[in-house]
Amino acid sequence: MSIPFVEPFRIKMVERIKMTTREQREEFLKAAWNNLFNVRAEDVFIDLLTDSGTGAMSDMQWSGMLRGDESYAGARSYFRFEEAVRETFGFPYVLPTHQGRAAEGMLFQTLVKAGQTVPNNRHFDTTQANLLVLGAHPVDLTVPEGDDPLIDLPFKGNMDLHKLEQLIQELGPENIPLGMTTITNNSAAGQPVSMDNIHQTAALYHRYGIPFFIDACRFAENAWFIKTRDPHYQDKSVREIVLEMFRVADGCTMSAKKDAIVNIGGFIAFRDESLKQKIAQNLIVHEGFLTYGGLSGRDLEAIAVGLREVVEPDYLEYRVSHTRYLGDALSQAGLPVYQPIGGHAVYVDAGRALPHIPPTQFPGVALANALYLAGGIRTTEIGSLMFAHPDPLTGEQILAPMELLRFAIPRQVYTRSHLDYVGEAAVTCVKQAGSIRGLRVAWAPAVLRHFMARMEEV
Ligand code: F0G
């Protein structure tokens, strides 16, 4: 077929979006201190800031919401949610939370003490911050090829098992209260983690008595990549693959805003009931009672339906093809696109696109702002504004491994012509690349600075 993909849905409701002029966008960006997080969403034409909580829910999810049981304790909706989590991941116990970072917070506040270390293939920003505020050390151990935007390998999100074992031996397992892996690896260009790597990571943690948790946000996209890139799994269903991925884990944290296709929600799931009981006490103080955890009954219903819809092969095939289509459009526009293209987003090597801007002047932010000016498109930097941090020993600033610009795609929201439009704006940007200027931080908070930073052009 010559058509690259067809959306496996039709549209029942529309939301108007408004085009602005370049002059207006210059004003908006100036008022936002050159930080797209400060721009109003209505002043954005195509919003690719994040795929988190920005998806369109299905008719079945919306009708599920009408069934929401809003009882404080023991609501029917909770039990439907619990059943969907059990059926999908195989974990017997689950606690809902208002979103992913709350799940991480609850887990870490219960298990992690100041001075301890938590390894991960790569922590996402809020996961890292949840550890830093406890005085703990998040350590990232993605395989080296994950930081090479050009090498075309199937599972560049994998954990470096050799480095992981070295770290455990150096620190001693008693200083590692839990170990994690993130699927797909969002900070490493949305690259998937292979089944073998998940199982070997689990075995390694378990050999040293360390509990293993998966950051499960994009579990279905990861499973689809296993199915389509590892011949051993081509005849297995996505459901079977998901169960096999999670079989070796002690639990998971989940932002339902991604692969449960809802606008808010999250959870922590476990194999061990006593750990659930421990975390439940903290949950009641900070999130809510065990059977709602900061969500309404209708949110739990939407998650239960979303978890079942997201593993449908039609949906996943469309999802990955849609993202690849944008990646190909950006490559054709002349942007250096990270290869292979991930599931939820296209990542551009901004450092290479703007070689005249050093990492200390944030080429990812500069390119994001240029794209906004060119076409009202909002993207986000995944580079040194987000991830640079002082070395705990020397105090020297450690830069991010790559200066990436992420085009994250909301689920079931934009059509192919929206993506074509983004490709055209990229062509305009590439033509002007030489005149795009770097930025410096005029002001920023100490933790998670990219959200609130005020930036000035150099
Ligand atoms: N873990 C990963 C891998 C994530 O990508 C995110 C969120 C979280 C945890 C936290 O979940 O937002 O529900 O609290 N990532 C979003 C993004 C915000 O844009 O990639 P949350």
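As the structure lists them, so they are numbered: ligands from 1, and atoms in each ligand from 1. What you see is a predicted model, and the numbers here were worked out from it, not measured in a lab.
A salt bridge (charged side-chain N to carboxylate O under 4.0 Å, His left out) check over residues 149-159, counting only residues at least two apart or in different chains, returns nothing. Sequence neighbours left out, the pairs with a member in residues 256-265 that pass side-chain hydrogen bond (donor to acceptor under 3.5 Å, both in side chains) are Ser52-Lys258, Ser255-Lys258, Asp259-Arg411. Counting only residues at least two apart or on different chains, the ring-ring contact (aromatic ring centres under 6.0 Å, His included) pairs with a member in residues 403-423 are Phe45-Tyr421, Tyr414-His418.
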*When you look at Thr184 and Arg218, which way does the side chain to side chain donor-acceptor pair (under 3.5 Å) test go after all the steps?*
CA-CA 6 Å; Thr184 59; Arg218 300 177 180 90; 5.0 Å; no
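Relative orientation of the Phe81 and Tyr78 rings is tilted, given thresholds of 30° and 60° on the angle between their planes.
Residue-level contacts of ligand 1 at the 4.0 Å heavy-atom threshold are Thr50, Ser52, Gln99, Gly100, Arg101, Glu104, Phe124, Thr126, Thr127, Thr182, Asn186, Asp215, Cys217, Arg218, Ser255, Lys257, Lys258, Arg406.
Listed for the Asp147 side chain is no donor-acceptor partner under 3.5 Å among the backbone atoms of Met402.
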